[in-house]
Asker: 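Got a structure for you, questions after.
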Amino acid sequence: MVGTLRHRGPDDSGEFVDGPAAIGAARLSIIDVAGGHQPISIDGGTITVVQNGEIYNYVELRDDIEGAGRRLTTACDTEVIAHLYAMQGVDAFRRMRGMFAVAIWDRPRQRLVLARDRVGKKPLYYSVSAGELLFGSETKAILTALDAVPSISAEALLNFFTFGYVAGSSAAFDGMRRLAPGTALTVDARTGALDTHTYWSWPGAAAHDTMSEAEATERLRAELAEAVRIRLRSDVPLGAFLSGGMDSAAVLALMARQTSRPVQTFTIGFGDRAYDEIAEARATAEHFGAEHHEQIVTPDCVRVAETLAIHYDEPFADASAIPTFYVAELARRHVTVCLTGDGGDELFAGYTPYADALARTGTPPVRAFRSVLAAGARHVPVHARGKGRLTTMSLDPEEWFVWRRTVFPSYLLEAVVHPDVIGAAPMLPEHQAVDDLHRVNGTLLSRLQRWDQRHYLPDDILVKVDRATMAHSLEARCPILDHRVIELAAAQTASRHGDAAATKRLFRNVIAPWVPPDVLSRPKRGFGVPLRRWFHERLIGWARDVLLDRRSSQRGWTKTSEVEALLRQHELGTRDHAKRIWALVCLELWARCHVDRVDGRQGAVKPIDTCASARGELVEPRATARPAAGTP
């Protein structure tokens, strides 16, 4: 199990066995490189801890622990977790500022404690079967301990087809679950009883402002600066991912203020001006005197898709995983830790769909007209030209926002996906999301942000960053998602963050003294890839071979004739199905890697290393190819 996670921890590994408990860790050495071996035991072996992640305020916590009369034998943050737990039990997690998946064996109480950080930056899976609990940072760690691959969760598949990722607490495999962010799970080894404890939840948006905007601005500046400061604690080199946008520029600005050496920054482009931000990122780096590294990537999508399938061990189709994977590879040549700007859009209302949804609010006659359009759209054949446009014109703001998040909107989902999969849930995920948005109290903007914060951010954005960086044994730190920054931002009314005419209003004011003026005026861009062009130019044949292969057709997840229709329409240029084709390809490659891993020994699961892997090609300058971390 530990061996499957060596890409997360290539520097060291260890195991600990005590009666009914066995815990292990693969370590990426960041703090106290020489002395931080895991598992770490204290108090004569009564408390033993492993973790994946970092506790950024471990210095302050260490002072408190020593002030209470306890003696620490290392300088690492993992030992701080052990002592804090010994003093305060599961309440210890409330005091930690960090990203972590933690396992604690409490010998006197004969209990195991699993805990996950507040927003879900680090993953933690578990499975209970036949009196045995298995857990790990990735599903592959659990799979390798099983005699056979579990069946696939139809509910998870339905979520994937809808949104391009698996959402919620259910994992892709039946019987497996994901520990929710901000949650601790205790397992009594004597009785088998499981108990969950939520120690933190996303705060709801404020109904009224309790402070002036000037005070909010100053306090946010102080909290962001502190969040960056404690994330600069490292005994190994660190740098920053840099795009042309505000979030990463703000993080770089604060890093440059608090370090004596030039910050190392990293940017990836595709040689396509519609997607590249290389020029803008370079200008930002020059402004702050950074030591900037950039690459134009000519990806071999066939091979990188196979590699991504290994590391994203649940189905995952966000194509921005491709540039994230490559920028992590570039950064790892120079540093072991990178700070990122993730979370700024969800926290400070930066996504353009927020403003677009707000602009769709209408009068009763407009809403009535949309109802008429919706009725008409339902009678248009699924593949008819104009079906999608007519459908989207009929959507109210909440429906339109969720539609923007979908890969397969409901009308296509019902056409392409097998009825047995669709029948797995009482309500289609798209309709459930709209229903959730309508039922939650608050302004429209606050409700849209709430959905993203609890769904899109932990299950897509943070999964993407964690798997892509850990594939290269690179640690990613997200200062904007420090819980004190989150709580302060949430204490402001949504109207301070944005409206139909502007996004990120408060955040712009916060960072205005730190960044060049042109950073604030640049239009919002996603971290996207030119999928449509790639499929048109050279990938459609490959996609056809993958999706119409006998293995894919026999899985029973999709209707082969409808998949053929999508491929044909895209190839002829009558419809743009690039993201849907990519999703279907990602699903099939994932299944070949993680579902079909069975050898002849009574169905035993093969090691994950037997899956194919390969690398794309980096150009300008030429890079020497090397195997992916954690793969042959």
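Owing to the predicted nature of the structure, the values given are computational and were not obtained by experimental measurement.
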Asker: Can you confirm whether the side chains of S248 and S243 place a donor and an acceptor under 3.5 Å from each other?
Answerer: yes
Asker: Measure the acute angle between the ring planes of F266 and H293, then classify it against the limits of 30° and 60° as parallel, tilted or perpendicular.
Answerer: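 Parallel: the ring planes of F266 and H293 meet at under 30°.
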Asker: Using 30° and 60° as the class limits, which term best fits the ring planes of W451 and F401: parallel, tilted or perpendicular?
Answerer: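 Answer is perpendicular, since the angle exceeds 60°.
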Asker: T183 side chain to L179 main-chain N or O, any donor-acceptor pair under 3.5 Å?
Answerer: no
Asker: Would you compute the distance between atom CD of E571 and atom CD1 of I581 and round it to the nearest 0.5 angstrom?
Answerer: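 That separation rounds to 9.0 Å.
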Asker: Any sub-3.5 Å donor-acceptor pair from S446's side-chain atoms to G442's backbone N or O?
Answerer: no
Asker: Please confirm whether the backbone N or O of K122 pairs with a side-chain atom of D117, one donor and one acceptor, at under 3.5 Å?
Answerer: yes
Asker: Look only at the side chain of D452 and the backbone of Y456, and say whether a donor-acceptor pair between them is shorter than 3.5 Å.
Answerer: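 The answer is no, because no donor-acceptor pair under 3.5 Å joins these two groups.
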Asker: Return the orientation label for the F408 and F161 ring planes: parallel under 30°, perpendicular over 60°, tilted otherwise.
Answerer: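 The arrangement is perpendicular - the two ring planes meet at more than 60°.
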Asker: When you measure from the centre of the six-membered ring of Y351, is the NZ or CZ of R405 closer than 6.0 Å and no more than 45° off the axis?
Answerer: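 Yes, a cation-pi geometry.
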Asker: Are R177 and S170 packed together at the side-chain level, in the sense that at least one heavy-atom pair is separated by less than 4.5 angstrom?
Answerer: yes
Asker: Got a sec: does the CD of E155 have more than 12 other heavy atoms crowding it under 6.0 Å?
Answerer: no
Asker: Do H497 and Q492 have a side chain donor and acceptor closer than 3.5 Å?
Answerer: no
Asker: On a heavy-atom basis, which atom in A167 and which in N159 lie closest, and how many Å separate them?
Answerer: CB-OD1, 3.8 Å
Asker: Tell me, do V263 and L252 make a side-chain contact under 4.5 Å, heavy atoms counted?
Answerer: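 SC-SC contact between V263 and L252 confirmed.
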Asker: Is there a side-chain contact between R477 and T340, using heavy atoms and a 4.5 Å cut-off?
Answerer: no
Asker: State plainly whether the residues R447 and D436 are in salt-bridge range, i.e. N to O under 4.0 Å.
Answerer: no
Asker: Would you check if the side chain of D276 reaches a backbone N or O of I278 as a donor-acceptor pair within less than 3.5 Å?
Answerer: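 Judged by distance alone, no pair lies under 3.5 Å.
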Asker: With the side chain counted from C-beta on, respond yes when W557 and L587 share a heavy-atom pair under 4.5 Å apart, and no when they do not.
Answerer: yes
Asker: Are E314 and R178 ion-paired here, with the side-chain N under 4.0 Å from a carboxylate O?
Answerer: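 The answer is yes: the pair qualifies as a salt bridge.
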Asker: Check this for me: does any side-chain nitrogen of one of R360 and D396 sit under 4.0 Å from a carboxylate oxygen of the other?
Answerer: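 Salt bridge flag = no for D396 with R360.
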Asker: Side-chain contact test, heavy atoms from C-beta onward, threshold under 4.5 Å: evaluate it for H292 versus E286 and give yes or no.
Answerer: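 Side-chain contact under 4.5 Å: no.
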Asker: Report yes if the side chains of Q569 and H577 come closer than 4.5 Å at any heavy-atom pair, otherwise no.
Answerer: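 Touching, per the 4.5 Å side-chain cut-off.
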Asker: Output the distance between atom CG (L448) and atom CD (E398), rounded to the nearest 0.5 Å.
Answerer: 7.0 Å
Asker: Rounded to the nearest 0.5 Å, what's the gap from NE2 on H570 to CG on L539? Could you check?
Answerer: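 Going from NE2 on H570 over to CG on L539, the span is 9.0 Å.
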Asker: Please report the C-alpha distance between K121 and D342 in whole Å, then the side-chain angles of each, then the deciding distance to 0.1 Å, and finally whether the salt bridge (charged side-chain N to carboxylate O under 4.0 Å, His left out) criterion is met.
Answerer: CA-CA 10 Å; K121 298 172 189 174; D342 293 301; over 6 Å; no
Asker: Identify whether the distance between the nearest side-chain nitrogen and carboxylate oxygen of R454 and D459 falls below 4.0 Å.
Answerer: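 A salt bridge is absent here (no side-chain N lies under 4.0 Å from a carboxylate O).
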Asker: So, F325 versus H472, ring centres under 6.0 angstrom or not?
Answerer: yes
Asker: Do Y312 side-chain atoms and K464 backbone N/O form a donor-acceptor pair below 3.5 Å?
Answerer: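 Yes: the side chain of Y312 pairs with the backbone of K464.
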Asker: Where the side chain of R580 meets the backbone of V407, is there a donor-acceptor pair that is under 3.5 Å apart?
Answerer: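 Confirmed, R580 side chain pairs with V407 backbone.
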Asker: Below 4.0 angstrom, N of the basic side chain to O of the carboxylate: do E277 and R522 qualify?
Answerer: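 Salt bridge absent between E277 and R522.
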Asker: With a 4.0 Å cut-off on N to O distance, would you call E218 and R221 a salt bridge?
Answerer: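 Looking at R221 together with E218, the answer is yes, because their closest N to O distance falls below 4.0 Å.
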Asker: Please determine whether a side-chain nitrogen of the Lys or Arg among R544 and E564 lies less than 4.0 Å from a carboxylate oxygen of the Asp or Glu.
Answerer: no
Asker: Which pair of heavy atoms, one from R484 and one from E223, lies closest together, and at what distance?
Answerer: CB-OE1, 3.7 Å
Asker: Give the minimum heavy-atom separation between I480 and G341, together with the two atoms involved.
Answerer: CD1-O, 3.7 Å
Asker: Which pair of heavy atoms, one from P479 and one from V485, lies closest together, and at what distance?
Answerer: O-CG2, 4.2 Å
Asker: Which value, rounded to the nearest 0.5 Å, describes the distance between F507 atom CZ and T217 atom OG1?
Answerer: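 Result: 11.5 Å between the selected atoms.
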Asker: Give, for atom CD of E346 and atom CZ of R450, the distance between the pair rounded to the nearest 0.5 Å.
Answerer: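 Here the rounded value is 15.0 Å.
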Asker: Measure the shortest side-chain to side-chain distance between D247 and K504 over non-hydrogen atoms and say whether it is less than 4.5 angstrom.
Answerer: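 Side-chain contact under 4.5 Å: yes.
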Asker: What's the shortest heavy-atom distance between A490 and P203, and which atoms?
Answerer: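 In this case the closest contact between A490 and P203 is CB-CG, 3.5 Å.
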Asker: Taking all non-hydrogen atoms of both residues into account, name the closest pair between A305 and L589 and its distance.
Answerer: CB-CD1, 3.6 Å
Asker: Tell me if a side-chain donor or acceptor on R568 pairs with a main-chain N or O of V563 at a distance below 3.5 Å.
Answerer: no
Asker: OG1/T503 to CG/D345 distance, rounded to the nearest 0.5 angstrom?
Answerer: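 Answer rounded to 0.5 Å: 8.0 Å.
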Asker: Consider only side-chain N and O atoms of W200 and E487, and report whether a donor and an acceptor are under 3.5 Å apart.
Answerer: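 Judged by distance alone, the side chains do pair up.
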Asker: Give a yes or no on whether a salt bridge exists between E280 and R282, defined as a side-chain N under 4.0 angstrom from a carboxylate O.
Answerer: no
Asker: So, are D482 and R231 salt-bridged, with charged N and O less than 4.0 Å apart?
Answerer: yes
Asker: Quick test of your reading of the model: are R439 and D435 salt-bridged, counting only N-O distances below 4.0 Å?
Answerer: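 Salt bridge present between R439 and D435.
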Asker: Distance-only, no hydrogens or angles: does the Q449 side chain make a donor-acceptor pair with backbone N or O of L347 under 3.5 Å?
Answerer: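 Confirmed, Q449 side chain pairs with L347 backbone.
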Asker: Taking A309's backbone N and O only, do any of them form a donor-acceptor pair with D313's side chain (distance below 3.5 Å, no angle check)?
Answerer: no
Asker: Do any side-chain atoms of residues 409-422 form donor-acceptor pairs under 3.5 angstrom with protein atoms, and if so which ones, sequence neighbours left out?
Answerer:
from: S410; atom 1: OG; to: E430; atom 2: OE1; distance (Å): 2.8
from: S410; atom 1: OG; to: H431; atom 2: NE2; distance (Å): 3.2
from: H418; atom 1: ND1; to: D420; atom 2: N; distance (Å): 3.0

